[in-house]
Amino acid sequence: MTNLPWNRHHIISLADFIPAEYDSILQTALSFQGVLARRTKKVPTLQGQVVANLFFEPSTRTRSSFELAAKRLSADTLNFSPGSSSLTKGETILDTAKTYLAMGTDLMVIRHSGSGVPATIALEMDRLGVGVGVLNAGDGQHEHPSQALLDLLTLCNDLNPEQPSIEDLRGKKVAIVGDILHSRVARSNLWSLTACGAEVHLAAPPTLLPKAFLEAFSAPLITPTGQTIERKVFVHWQLLPALENADFVMALRLQKERMSGHLLPSLREYHQQFGITRDRLKHCAPNVKILHPGPTNRGVEITSDLMDDPKLSLVSKQVASGVAVRMALLYLMGGAKH
Ligand code: NCD
């Protein structure tokens, strides 16, 4: 387990995370990967603590992954579904959070379709001085830190299975292709990958990748020790320049539920221009690998055969990495409390 100090009480955004923190998370997650490979896949770390999963938006993998991670750490878990909750009777989100607080919740994992909801709840917890940590499990179009961190673990494991390290990401080319505009996954990955020295190439039609998008990432990251890290981000309105020599290609789902107005001529046309196909991967580096956070629109952002090709696709590894990374985050945040 890492010996580096950890002092984040909440994880809402990766915008100011520094390489030493990514390294702490990676090393902690790797040791939990060891636990998960054992016959008894459980440790007593969070015994007696309560982790509440407050998912105000639908989710399959993130929610199950957080629940399993908490259980593997021996925490008690509470699950919440908006459809069958008092929200339908007019209760506010903050009152829902306070209800879970009154039951003795120690850590809250929050997903909401509104950007900023986890941050608002974190502020309220701080105001109340209750020492409850809040972890953002995806808020609107803002961020999805645990997804980017599981992607980081997946990439580092792939680059150097013997001794994974964030150092291996330096100078690697990662193409992120698809609905960047609506993607919290893209935003969190941009922070983490660029902080670790990877070059990120974004590819999408201009309607899903406005030029102004880049502005947020134009300022360098300055670490507490005064190190300046320029974030290397490039925008392409065509697919091939992004794929050229790419070491990794991350396809994103077209988020139809977040699209207001007509941003694309048709899904067929999108696939013709930006769909990841076997043929197009010939432009990438010889050992290229594919990632997708899921859920997938098969045949739209990526072909079905690529998704299922174990030599090229890291998708199942991403899901597996998710449990170890979320164990690491809950462990580190649980520790930051005391
Ligand atoms: C993503 C999400 O919900 O932000 N999925 C996930 O958490 N694995 C991406 C998406 O919805 O397309």
Side-chain angles (χ1 to χ4, degrees), residues 8 10-17 52-66 79-83 85 87-88 91-97 100 107-126 133-151 176-194 200 202 204-205 207-217 233 250-264 292-297 301 322 325-326 329:
R8 283 188 195 261
H10 307 295
I11 300 180
I12 305 293
S13 156
L14 298 181
D16 63 348
F17 270 58
N53 287 318
L54 308 184
F55 278 61
F56 296 89
E57 197 199 80
S59 165
T60 306
R61 64 213 88 211
T62 306
R63 183 189 170 129
S64 317
S65 181
F66 268 113
N79 282 306
F80 160 88
S81 304
S85 76
L87 280 182
T88 57
E91 182 169 81
T92 68
I93 295 163
L94 273 182
D95 280 337
T96 304
Y100 281 87
L107 290 164
M108 287 186 193
V109 178
I110 299 174
R111 167 169 289 199
H112 198 282
S113 58
S115 304
V117 169
T120 305
I121 296 177
L123 271 178
E124 181 66 5
M125 294 301 135
D126 289 348
V134 174
L135 211 166
N136 177 7
D139 63 329
Q141 298 174 205
H142 176 227
E143 282 213 44
H144 192 348
S146 66
Q147 178 68 41
L149 295 166
L150 74 85
D151 291 337
I176 304 183
V177 183
D179 186 355
I180 313 279
L181 178 66
H182 299 102
S183 177
R184 52 199 179 202
V185 175
R187 285 173 178 79
S188 288
N189 261 294
L190 272 159
W191 295 126
S192 55
L193 292 170
T194 54
V200 181
L202 304 169
T207 46
L208 295 180
L209 179 50
K211 258 212 169 118
F213 183 89
L214 262 192
E215 273 163 33
F217 304 92
V233 188
M250 186 181 292
L252 297 176
R253 183 175 69 91
L254 285 181
Q255 304 202 17
K256 292 174 225 154
E257 76 279 17
R258 291 191 218 282
M259 287 192 194
S260 49
H262 301 283
L263 296 175
L264 291 170
H292 194 305
T296 313
N297 298 307
E301 60 259 7
V325 159
R326 289 172 175 129
L329 298 179

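When a residue number appears, it is its place in the shown sequence, counting from 1. If you're wondering where the values come from, they're calculated on a predicted model, not measured in any experiment. Below, all heavy atoms of this structure are taken into account, side chains as well, without hydrogens, waters or symmetry copies.
- Taking each heavy atom of Ile12 and His142 in turn, the nearest pair found is O-CE1, 4.3 Å.
- Within the 4.5 Å cutoff, the side chain of Leu202 has heavy atoms near those of the Ile176 side chain.
- Between the side chains of Glu143 and Ser13, a donor-acceptor pair is found at a separation under 3.5 Å.
- Side chains of Thr296 and Glu301 form a contact here, defined as non-hydrogen atoms less than 4.5 Å apart.
- Between the side chains of His144 and Arg111, at least one donor N or O lies within less than 3.5 Å of an accepting N or O.
- Between Arg184 and Asn136 there is no side-chain heavy-atom pair separated by less than 4.5 Å.
- Val109 has its side chain out of reach of Thr62: every pair of non-hydrogen atoms, C-beta onward, lies at least 4.5 Å apart.
- Using modelled atom types, one finds no donor on one side chain facing an acceptor on the other under 3.5 Å when comparing Gln141 with Ser115.
- By the 4.5 Å heavy-atom criterion applied to side chains, Leu264 and Leu208 are counted as neighbours.
- With salt bridges taken as basic N to acidic carboxylate O contacts below 4.0 Å, none links Asp139 and Arg187.
- Side chains of His182 and Leu263 form a contact here, defined as non-hydrogen atoms less than 4.5 Å apart.
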Residues Thr194, Phe217; criterion side-chain contact (heavy atoms from CB on, under 4.5 Å); working and verdict: CA-CA 9 Å; Thr194 54; Phe217 304 92; 5.6 Å; no
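- Considering every non-hydrogen atom in both Tyr100 and Asn79, the closest pair reads OH-O, 3.8 Å.
- The side-chain heavy atoms of Val200 and Asn189, taken from C-beta on, include no pair separated by under 4.5 Å.
- A donor-acceptor pair under 3.5 Å is formed between the side chain of His10 and the backbone N or O of Val134.
- Residues Ala148 and Leu14 approach most closely at CB-CD1, 3.8 Å, considering heavy atoms.
- Contact of the Gln255 side chain with the Ser183 side chain is registered, since non-hydrogen atoms from C-beta on lie closer than 4.5 Å.
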